[in-house]
Amino acid sequence: MNLAWKEIKKNKVRFLILGSIIFLVSFLTFIISGLANGLSQDNAALIKDLPKGQIYMAEDAEGAFNLSRIDSDLQQEVMGKEKEAVAFSIQMGFLNDQDDKQQSVAFVTSTESRLFQNVHQGEVLLDSSLQDKGIKVGDTLKNNQYNGKFIVKGFVEQKKYSHAPVAYISEEAYHEMYRVNDKQLIYVPNSEPKEFKGLQAYNNKEFLNTIPSYSAEQLSLNMIIWFLVVISGMLFAIFFYMMNVQKIGLYGILKAIGLKTSKLFKMIWTQMAIITMISLVISISLSQLFNVVAPKGMPFTLAVGTTTQLSIVFLIIGFIGATLSGLQIKKIEPLQAIQQGEA
């Protein structure tokens, strides 16, 4: 520890440059991770907030829920066997507010369940983000496909689908607007997949991947995150390799006086841990601060658990990078290294 710290103090500028780069890479990784989680919630919070379970879709829809239609008899069969099952439908649409401005929403209706908001005919419950658009409880909203009017009965927090705020409406209103009586999906909480003729089962994660915008969005952002993590490992490997090349003579002397190779490895690992921990503390603090001060409309969510997992990954990658760079130390012969260092 003392040897590692003495070298850091002796080569402050070099280690400061490495620490700064690791800070920037980790900070960027945390920010992109926060955006990925935020966009994930903004795209599919309606589904992500459901407990683990199975979502059943018509088999002939081939994974496209908007093409799914579950026959009412089949729906009754499933709900008769699964007492907590709920049938629901989702359709993108719009509502006209009192100023006749169109607001894009995802209309959701369901059979009676504690997992979904149930409203009466002529009522609507909206995601709270629409309050920023000036909509208030008691406002009257209209839709061209619906003969009546919707009265806003309240707001719910963080209910989005396909980046649109959710609007819970009654089954009667949904049937009138979309001219269908069959539901698209059946959700069964806390269950293993079961065989129902004509239905395909998906767990929550599998269903999320059937949403084209969700899977493409998350894949792109996660690739960037892991690319940055790999870059951090390469930075450690390159930095310590260059440092080791410059110190071959020193290592030869240390080996000649009896210092074990394992001690030299411990010195490199200690330096890596010190630089990484300091960089991570600063980047975590700033990213959590950004999580608090980020503009309200920005889809940014960075949980403590996510930062902890990424920090552990950074430490592991840093350890691997530093170890790979130190493999050359094992090959150093004291006399040859001293002569090379003198040359």
Side-chain angles (χ1 to χ4, degrees), residues 30-50 55 57 61 63-68 88-97 99-110 115-117 119 124-136 139 141-146 150 152 154-169 173-174 177-178 184-185 187 202-225 290-303 306:
F30 290 138
I31 293 298
I32 294 175
S33 180
L35 287 171
N37 290 335
L39 286 168
S40 172
Q41 283 294 115
D42 195 64
N43 201 348
L46 178 72
I47 304 299
K48 291 191 72 174
D49 290 346
L50 291 173
I55 298 174
M57 187 190 303
F65 86 91
N66 55 321
L67 301 179
S68 175
F88 67 102
S89 292
I90 308 169
Q91 283 287 357
M92 304 307 294
F94 64 88
L95 287 169
N96 290 334
D97 61 21
D99 297 325
D100 211 30
K101 291 181 181 177
Q102 283 192 357
Q103 305 293 344
S104 295
V105 295
F107 288 109
V108 177
T109 190
S110 70
L115 298 170
F116 289 84
Q117 300 290 334
V119 296
V124 63
L125 274 172
L126 302 171
D127 178 75
S128 59
S129 62
L130 285 172
Q131 288 179 296
D132 298 333
K133 302 291 181 69
I135 297 176
K136 304 181 295 296
D139 282 0
L141 309 178
K142 294 182 291 183
N143 179 279
N144 293 343
Q145 297 168 280
Y146 183 60
F150 291 109
V152 180
F155 295 92
V156 290
E157 293 294 328
Q158 287 295 314
K159 294 298 178 186
K160 296 282 193 73
Y161 188 84
S162 193
H163 298 297
V166 162
Y168 291 100
I169 58 175
Y174 186 92
M177 291 166 62
Y178 294 103
Q184 295 171 322
L185 305 162
Y187 171 71
Y202 300 83
N203 60 34
N204 298 40
K205 187 175 181 180
E206 289 170 342
F207 182 79
L208 288 173
N209 288 327
T210 66
I211 306 171
S213 61
Y214 181 88
S215 52
E217 208 171 64
Q218 292 301 301
L219 180 62
S220 301
L221 291 169
N222 286 328
M223 282 182 65
I224 294 171
I225 290 169
F290 185 79
N291 195 24
V292 174
V293 303
K296 192 175 180 182
M298 179 181 286
F300 187 88
T301 305
L302 187 60
T306 303

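Scope of the values below: all heavy atoms of this structure, side chains included, with no hydrogens, waters or symmetry mates.
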If I take atom [atom1] from residue [X] and atom [atom2] from residue [Y], how far apart are they, to the nearest 0.5 angstrom?
X      : Y      : atom1 : atom2 : answer
Asn96  : Asn144 : CG    : CG    : 6.0 Å
Asn222 : Ile225 : CG    : CD1   : 5.0 Å
Ile55  : Thr210 : CD1   : OG1   : 8.0 Å
Ile135 : Leu130 : CD1   : CG    : 4.5 Å
Leu35  : Thr301 : CG    : OG1   : 9.5 Å
Gln41  : Leu46  : CD    : CG    : 11.0 Å

Contacts of type ring-ring contact (aromatic ring centres under 6.0 Å, His included), residue [X], not counting sequence neighbours:
X      : result
Phe300 : Phe290
Tyr146 : Phe150
Tyr187 : none
Phe207 : none

Quiz prompt | Criterion side chain to side chain contact (heavy atoms under 4.5 Å, CB included) against Leu126, the qualifying member of Asp139, Val156, Val152 | solution =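 Between Leu126 and the candidates, side chain to side chain contact (heavy atoms under 4.5 Å, CB included) is satisfied uniquely by Val152.
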Practice problem: Scan for salt bridge (charged side-chain N to carboxylate O under 4.0 Å, His left out) pairs involving residues 204-221, sequence neighbours excluded, and state none if there are none. | Solution: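 Not a single pair qualifies under salt bridge (charged side-chain N to carboxylate O under 4.0 Å, His left out).
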Quiz prompt | With Asp132 via side chain to side chain contact (heavy atoms under 4.5 Å, CB included) - residues at least two apart | solution =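 Expected list: Lys296.
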Quiz prompt | Residues in side chain to side chain contact (heavy atoms under 4.5 Å, CB included) contact with Ser213, at least two apart in sequence or another chain | solution =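 Counting only residues at least two positions away or on another chain, Ser213 forms a side chain to side chain contact (heavy atoms under 4.5 Å, CB included) with Asn43, Ser162, Ile211.
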Check side-chain hydrogen bond (donor to acceptor under 3.5 Å, both in side chains) between [X] and all other residues, then give those that pass, not counting sequence neighbours.
X      : result
Asn204 : none
Lys48  : Ser40
Tyr202 : none
Thr306 : none

Check: [X] side chain, [Y] main-chain N or O, donor-acceptor pair, under 3.5 Å:
X      : Y      : result
Asn209 : Ser215 : no
Gln103 : Asp97  : no
Asp99  : Lys101 : no
Thr109 : Ser89  : no
Gln218 : Ala36  : yes
Asn66  : Gln91  : no

Quiz item: Taking the six-membered ring for Trp, are Phe88 and Tyr161 ring centroids under 6.0 Å apart?
Solution: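 No.
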Which heavy atom of [X] sits nearest to which heavy atom of [Y], and what is that distance?
X      : Y      : value
Met92  : Tyr178 : O-OH, 3.4 Å
Ser128 : Gln158 : OG-N, 4.4 Å
Leu302 : Phe30  : CD1-O, 3.7 Å
Leu221 : Leu39  : CD1-CD1, 3.7 Å
Pro165 : Ser129 : CB-OG, 3.6 Å

Practice problem: In plain terms, say whether Asp42 and Lys160 are close enough for a salt bridge, that is, a side-chain N and a carboxylate O under 4.0 Å apart. | Solution: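 Looking at Lys160 together with Asp42, the answer is yes, because their closest N to O distance falls below 4.0 Å.
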Practice problem: Any chance you could lay out the side-chain contact (heavy atoms from CB on, under 4.5 Å) test for Phe107 and Asn143, step after step, and finish with the verdict? | Solution: CA-CA 11 Å; Phe107 288 109; Asn143 179 279; 3.8 Å; yes
Exercise. Any chance you could lay out the side-chain contact (heavy atoms from CB on, under 4.5 Å) test for Phe116 and Leu50, step after step, and finish with the verdict?
Key: CA-CA 9 Å; Phe116 289 84; Leu50 291 173; 4.2 Å; yes
Exercise. List in chain and number order the residues that pass salt bridge (Lys or Arg N to Asp or Glu O under 4.0 Å) with Asp100, two or more places apart in sequence or in another chain; answer none if no residue qualifies.
Key: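 With neighbours one apart ignored, the set is empty.
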Self-check item: Test log, rule side-chain contact (heavy atoms from CB on, under 4.5 Å), inputs Asp49 and Lys159
Solution: CA-CA 9 Å; Asp49 290 346; Lys159 294 298 178 186; 3.5 Å; yes
